[in-house]
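A quick write-up on the structure given underneath.
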Amino acid sequence: MGAYLDSGNEGFRTIRNSIYVDKTGLIEYINSTINTPFRMTCFSRPRRFGKSFAAKMLCAYYDKSCDSQDLFKDLKIAEFVGFERYRNRFDVIYLDITWFLSRTQGTGCNVIQEIQTAVITELREAFPDNVHDNEISLPDALFHVSQKTGNKFIIIIDEWDAIFREAKNNDALQKEYIQLLRALFKGGQTTDRMIAAAYMTGILPIKKYGTQSALTDFREFTMIEPLGLSEYVGFTEKEVLALCTKYGLDFNEMKQWYDGYTLSETGSVYNPNSVMSAVMFKKFKSYWKLSETYEDLKGYISWNFDGLKDAIVEMLSGGQVRVNVSRFQNDMTSFRSKDDILTLLIHLGYLAYEETSGKACIPNREVFEVFQDAVEGDGWEKVEKALSASEDLLNATICKDCTAVENALEEIHESNFSILRYNDESSLSCAITLAYYTARNDYEIVRELPAGKGFADIAFIPYRSSDKPAMIVELKYDKNADTAIRQIRENRYGGRLKDYAGRVLLVGINYDKDAKGKNAKKHTCIIEEI
């Protein structure tokens, strides 16, 4: 048993010793690819979405140096036909690229050669008659072992893209790394002889050169196109509901904090690390902030591309923006447009992407908080001011101070006019939602309630932990606030408010684009309580 060759099952055993959500169905997919033309899999997803857990699970299942029957006998994979066929039957090579980068950083060592030397050393110990003493090429060493023993390897690479992320400006190192991967996985009959399957996981999809993937033999599964593996991107809604039921947590609040990644094949997908942290600590908060820095996000959204700031503001207000994801080069430097930046943010998990509509949005309350930290200073002063003023606006609304609400909306609009364009009813809705930004701390914000007629109904439904009243906001454009209030009363809103028994504020807001006169107000407001 080595560090890289046949490293055993202790990694997965440690995972099983804690709260575990069964994702062993992924093994059945990999089993179906073994020794087929589709045996190369690259599965990318954001940090803290269970990539390393999956890699350790696969190591434990395939590694022939150990017996993992007890680790899998009570899991889904044990129910599949062929469970025993491949269990603990292969020599497995496991590489954590971040580990090698940390070992060689500042030492002057060549990380690519370090990877090869480390694995060759263990191959020589396991197969002393088949690996030359002066061997320096990992692909050659594997081929010689396979040729003489008939053994085939399963290669599992965790954080495969770390070199493109952490050495993002080192083109020479990146090309050398790609050459190694090509030699391992694109060798025709040579690869057929020595590789039974390969599984790479990371954040970025495989690097493109022009429009061509650098490793064309890999089948890719990404946050943009998860295909048949979408249920293994994160936790499904069914899995999260089961955890909430078992550990006594509020499912609706869990959903607001960590849901939002909607995939066409699976529906809602949750951030696994944040969900598990909430379960363990019995507290809902932005655990994302503990593993990511807002400074990284700040750097990306500050690029000077036309339309990028408008897109960010649109999403901060709860809206969606269309993104062309096809031109992204799958690296951290080749940015040519706002779409490249937004596509990177999708892969990093800062944005959710809906494949059917081609639109992106900020997924949940947890990530909203990271964006709120990121839009401070450096060109975001007006947006920051609007967000800061939103607490006063919310308090004025709850106190039914219509004049204060009108003045606050007018000030926010005037200071952000170039961004918060009131061109139509829909843009008015986005602008008002941004103005009430900090209400997310106490409310679930829902647009277009069932039974509501009109273009921009917004409901603020308080969390169970909040003592604030519910609010129904109806917006009008070039009409009047009385009409908005009357429409709220007539519509008898249902849905999430159907069984709500607390205080409810009815808020009618009208924007008059042609208001004239010394004392004319563009925003007018009426607030009633029921």
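Residue indices begin at 1 and follow the sequence shown.
The two residues Asn364 and Trp257 make their nearest non-hydrogen contact at CG-O, 3.0 Å. Contact between Tyr350 and Asp296 at its shortest, heavy atoms only, is OH-CB, 4.5 Å. Shortest non-hydrogen contact noted between Pro462 and Pro469 is CG-C, 4.3 Å. In terms of heavy atoms, Ile398 sits closest to Leu505 at CA-CD1, 3.7 Å.
Note on Lys23 versus Glu239: salt bridge recorded, some NZ/NE/NH1/NH2 to OD/OE distance being below 4.0 Å. We find that Asp161 and Arg165 are joined by a salt bridge, their nearest charged nitrogen and carboxylate oxygen being less than 4.0 Å apart. By the 4.0 Å N-to-carboxylate-O rule, Glu79 lies too far from Lys76 to be salt-bridged with it. Between Asp442 and Lys468 there is a salt bridge, with a side-chain nitrogen of the basic residue lying less than 4.0 Å from a carboxylate oxygen of the acidic one. A salt bridge links Asp74 with Arg16: at least one charged nitrogen is closer than 4.0 Å to a carboxylate oxygen. Remark: Glu406 does not engage Lys522 in a salt bridge, criterion side-chain N to carboxylate O under 4.0 Å.
A cation-pi arrangement is present between Lys309 and Trp380 under the rule of less than 6.0 angstrom and at most 45 degrees off the ring axis.
Ring pair Phe72/Phe12: centre-to-centre distance below 6.0 Å. Aromatic ring centres of Tyr29 and Phe221: separated by under 6.0 Å. Checked against a 6.0 Å centroid threshold, the rings of Tyr270 and Tyr261 do not count as neighbours.
A parallel orientation is assigned to the rings of Phe281 and Tyr287, their planes being inclined by less than 30° (bins at 30° and 60°).
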